[in-house]
Structure formats: structure tokens, C-alpha cells
Amino acid sequence: MTIGFETWAKDGAARRGRLTLAHGTIETPAFMPVGTAATVKAMRPESVAETGAEILLGNTYHLMLRPTAERIAELGGLHRFMNWNKPILTDSGGFQVMSLAGRRKLDKDGVTFQSHIDGSKHRLTPERSIEIQHLLGSDITMAFDECTPHPATHEQAADSMRLSMKWAARSKEAFTDRPGHTLFGIVQGSVYDDLRRESVEALTGIGFEGYAVGGLAVGEGQEEMFRVLEATTPHLPDDAPRYLMGVGKPGDLVGAVTRGIDMFDCVLPSRSGRTGQAQTRRGPVNLRNARHAADPRPLDADCACPACTGYSRAYLHHLQKADEILGPMLLTWHNLHYYQELMAGLRGAVEAGTLADFAAAFAEQQAAG
Ligand SMILES: CC#C[C@H]1NC(N)=Nc2cc3[nH]c(NC)nc3cc21
């Protein structure tokens, strides 16, 4: 192990642990704010740290296009470039190529595509993706995978997963082992339990220090997502961190921790904050709604974030309606603070063996509105 992962408490399938990486330690279960283009949008890194975040996510796809990985390496690496001195996990690019790039051409060795920024032509292979993430200086590098579209037939999902397993082996081969830096594999197989099992066997046979579950939260619905998790996580190594990619809503995090997931990333808190939607312990609140126009109360009287301690709902509503920059700043801060507070609550509950009560109380508050 070039990294350390210790777990000291379990509550059912849930684990309480700590991940030790080159740039610091991460208390798990953990939520990673998304810092796609070397910034968590509308937030200074110091503010992101103040919310309690201990690790950020960056994207190979965006940074290879602009300013390029070579430029970031010349300037001292991604941590220095964005003034974030805690751990960074970088995604490997396949998902963003599928969701953003133009004129994609997939072959058995990689993918050729056009930049969504200027139409320039680029190519990603497992080797190039790992090289880019090395240039960025990621603490956690993600294997390069082929992102199975959803929905997919069993045959389509099998072919896609098996290509990703070949690319996982090439990613491992290309990865340079160094203390505090590691490589995670990505479990594929869509919603098919047999394919998920085959993917887990293939990845554990190659050997990774952490395992991500990809291809969920793509429209299958929460019930199906939880079912696939229940069919997947029990077969992953107990001593390695598990990362559910791109998830999710607060209720998704609670349910996925209950099913053995240790790490999450999702654009929801930052993206919805920019559009005026606050994530709160009593469910989402849309600050653009006229009912807030004269409301002097804070967004959440029990929240200690700057948006809730310094401003009224009426003011947050005004900022959104006036399209003022401070609006997205305050709501992004609140949402990231709330997500970190939820993760701290989950960590405490797993440690105390009270996760079922925590989950029940969470669901009751969300339903109360
Ligand atoms: C199929 C597959 C797959 C995964 N592969 C890689 N490299 N990154 C991902 C990022 C994601 N973001 C979301 N949001 C729902 N789902 C994701 C899934 C993946």
C-alpha cells in the first residue's frame, strides 16, 4: 500500500475510516467538492477548506484542454497552481469525453475527440490519461475507463465493461508508484449484477488500492442504484476505500454510506448553489421563489455558515433575482458546508453505532420540509 487506509468502526455495511495520502488525511465517509477547471466555482480554496472539505476533485479532460497538464506541471503541479494544499483526486477523462466532447471516436486503444472549447482534436488512452494525472500531481489517480452509456443492453454493458477492464490493466501498468499517491480502479457493468461481479473480480485481480463504482446516478433511480450497490460493495476488498462517482443528493449519500461507500463527489451542491437552490436539512429551498422576497429569517437557523449567520432569505432572494455574484458565492458556500456537516454526522453515527437512527431522523427532517 503506498497509502494508508484504516477503519476502526463499522455499523452494518457502513465504515468509519481515515485515508492517509501525500497531501494529508481524509476522514471517511467523505464528500469531495468538484473543482473541475482547477477551481471550485465561486469559492476561494481557503473557503472550501473552511467548509470542512479535506479533498477536492479535478478533471483530466478539462485541464488537458486548458491550460494543459504540461503547463500546470511547469508551474509546480495542480496543488500549487490552485493554492490547495490538501489531497486532490483527479478523474481520468472518459466520462467527461462522453458527456462534453464533440466528434468522439472510440477504438480498442482509446478515444479521439474534439475539444468542446475550441474544436481542437485530442486523444486519450489509458497511458496518456495516467501521464496527465501524474503531471497534475494527483494524490488519487483514476484508471481510464470507457463510460458505458445508459441505458445499455446486457451485451453492450458487457463489451464496454470488458474494454474498461483491459484499460484498467494498462492504467495500472502506466501508473508510477510513489508514497502517498495511488490509483483507483472503476467498477463497471451498468445495472447487471453478474457484470458488476465480473468487473470486481477483474479489478481485484489486477490489484488497486481503492475501488470506484461508476455508471450509477445516470437515470436509473435511487432504488435501482441502491440495489446495484448492495450487489457490488460486499464483494469489494474490506481494506480498500470505496468511491461512488458523481453521487449525489443528500439522501443518496445517507443510503450509500449505509451500503458501504466511503467517498463521494457530486456537482449538485456547487451547481445548484449557483442557480439559487439551497440544500438544507429540511430539503431543497429555491431562493428564487417569490415567497422568500420579504422573509427576514435565515435560510437555516441551525446552520453556522456565512450565508445563514449573516443574511436573510429576503437578501439571498434579492441577490438571485438581481443576478449578483454574491448570490452564487453564498449559496455555494452554504451547500458545501451542509454537505460536510451531513458527512460529519454520518461519520459520528457510524462510530457510535447509531446510523439507523441517524438515517431515520434525516429522512423525517427532509420530509417535514
Ligand atoms: C460509466 C462510468 C463511469 C465513471 N467513470 C469515470 N471515469 N468517471 C465518472 C464520473 C461520473 N460522474 C457521474 N455523475 C452521475 N457519474 C460518473 C461515472 C463515472
Side-chain angles (χ1 to χ4, degrees), residues 31-36 56-64 88-101 104 106 110-111 113 124-126 128-130 132-133 136 138 140-154 156-168 170-172 174-175 183-192 195-196 198-200 202-203 208 210-222 224-226 228-229 232 242-253 255-256 261 263-272 339:
F31 177 79
M32 302 182 280
V34 174
T36 291
L56 290 187
L57 180 135
N59 272 313
T60 290
Y61 171 79
H62 294 79
L63 296 173
M64 71 182 278
I88 296 175
L89 177 149
T90 48
D91 199 356
S92 48
F95 185 84
Q96 289 75 31
V97 167
M98 184 192 75
S99 46
L100 286 170
R104 298 183 300 274
L106 176 75
V111 59
F113 59 92
L124 269 179
T125 62
R128 177 59 180 150
S129 174
I130 299 304
I132 287 170
Q133 297 179 76
L136 297 174
S138 315
I140 301 176
T141 293
M142 298 307 296
F144 185 68
D145 56 339
E146 203 277 306
C147 294
T148 314
H150 178 83
T153 64
H154 188 276
Q156 289 165 337
D159 291 346
S160 175
M161 179 271 289
R162 287 164 189 160
L163 179 59
S164 287
M165 296 303 101
K166 290 193 177 91
W167 288 359
R170 285 170 53 187
S171 297
K172 173 85 181 282
F175 181 72
L183 176 69
F184 280 14
I186 303 177
V187 178
Q188 298 289 0
S190 187
V191 294
Y192 303 105
L195 298 182
R196 287 280 175 185
E198 181 183 328
S199 182
V200 168
L203 293 177
F208 290 91
Y211 296 87
V213 179
L216 293 177
V218 284
E220 76 282 359
Q222 189 184 71
E224 182 74 339
M225 175 170 77
F226 287 166
V228 174
L229 284 183
T232 305
R242 300 136 180 201
Y243 160 31
L244 179 54
M245 303 186 87
V247 174
K249 298 190 294 290
D252 298 335
L253 302 182
I261 296 293
M263 298 168 69
F264 302 88
D265 87 275
C266 188
V267 294
L268 181 68
S270 38
R271 185 175 293 170
S272 65
Y339 265 56

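All ligand and atom numbering here is 1-based and tracks the order in the structure.
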In the protein, what heavy atom is nearest to [atom], and what distance, to one decimal place, separates them?
atom: atom 15 (C) of ligand 1; value: Ala217 O, 3.3 Å
atom: atom 14 (N) of ligand 1; value: Gly246 CA, 3.4 Å
atom: atom 1 (C) of ligand 1; value: Gln188 OE1, 3.2 Å
atom: atom 5 (N) of ligand 1; value: Asp145 OD2, 2.7 Å

With heavy atoms of [X] as the reference, note each atom of ligand 1 found under 4.0 Å away.
X: Ser92; answer: 7 (N)
X: Leu216; answer: 15 (C)
X: Gly215; answer: 1 (C), 2 (C), 3 (C), 18 (C)

Inset, instruction - Taking all heavy atoms of Ile186 and all of Ser92, pick out the closest pair and write down the distance. - result: CD1-OG, 4.4 Å
Legend entry - Minimum heavy-atom distance between Gly185 and Leu203, given as atom pair plus value: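 Here Gly185 and Leu203 meet closest at C-CD1, 4.1 Å.
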Hey, what do you get for [atom1] ([X]) to [atom2] ([Y]), rounding to the nearest 0.5 Å?
X: Leu244; Y: Thr232; atom1: CG; atom2: OG1; value: 10.0 Å
X: Ile88; Y: Met32; atom1: CD1; atom2: CE; value: 12.0 Å
X: Leu100; Y: Phe95; atom1: CG; atom2: CZ; value: 9.0 Å

Legend entry - Contact check: Asp91 vs ligand 1, nitrogen or oxygen atoms, below 3.5 angstrom: yes
Inset, instruction - Using a 4.0 Å heavy-atom threshold (strictly under), name the region of Ile186 that reaches ligand 1: side chain, backbone, both or neither. - result: side chain
Inset, instruction - Check ring-ring contact (aromatic ring centres under 6.0 Å, His included) between Tyr61 and all other residues, then give those that pass, not counting sequence neighbours. - result: Phe113, His116
Legend entry - Option among Thr90, Leu89, Thr60 that satisfies the side chain to side chain contact (heavy atoms under 4.5 Å, CB included) test with Ser138: Thr90
Legend entry - Selection from Tyr243, Phe184, Phe95 by shortest heavy-atom distance to atom 19 (C) of ligand 1: Phe95
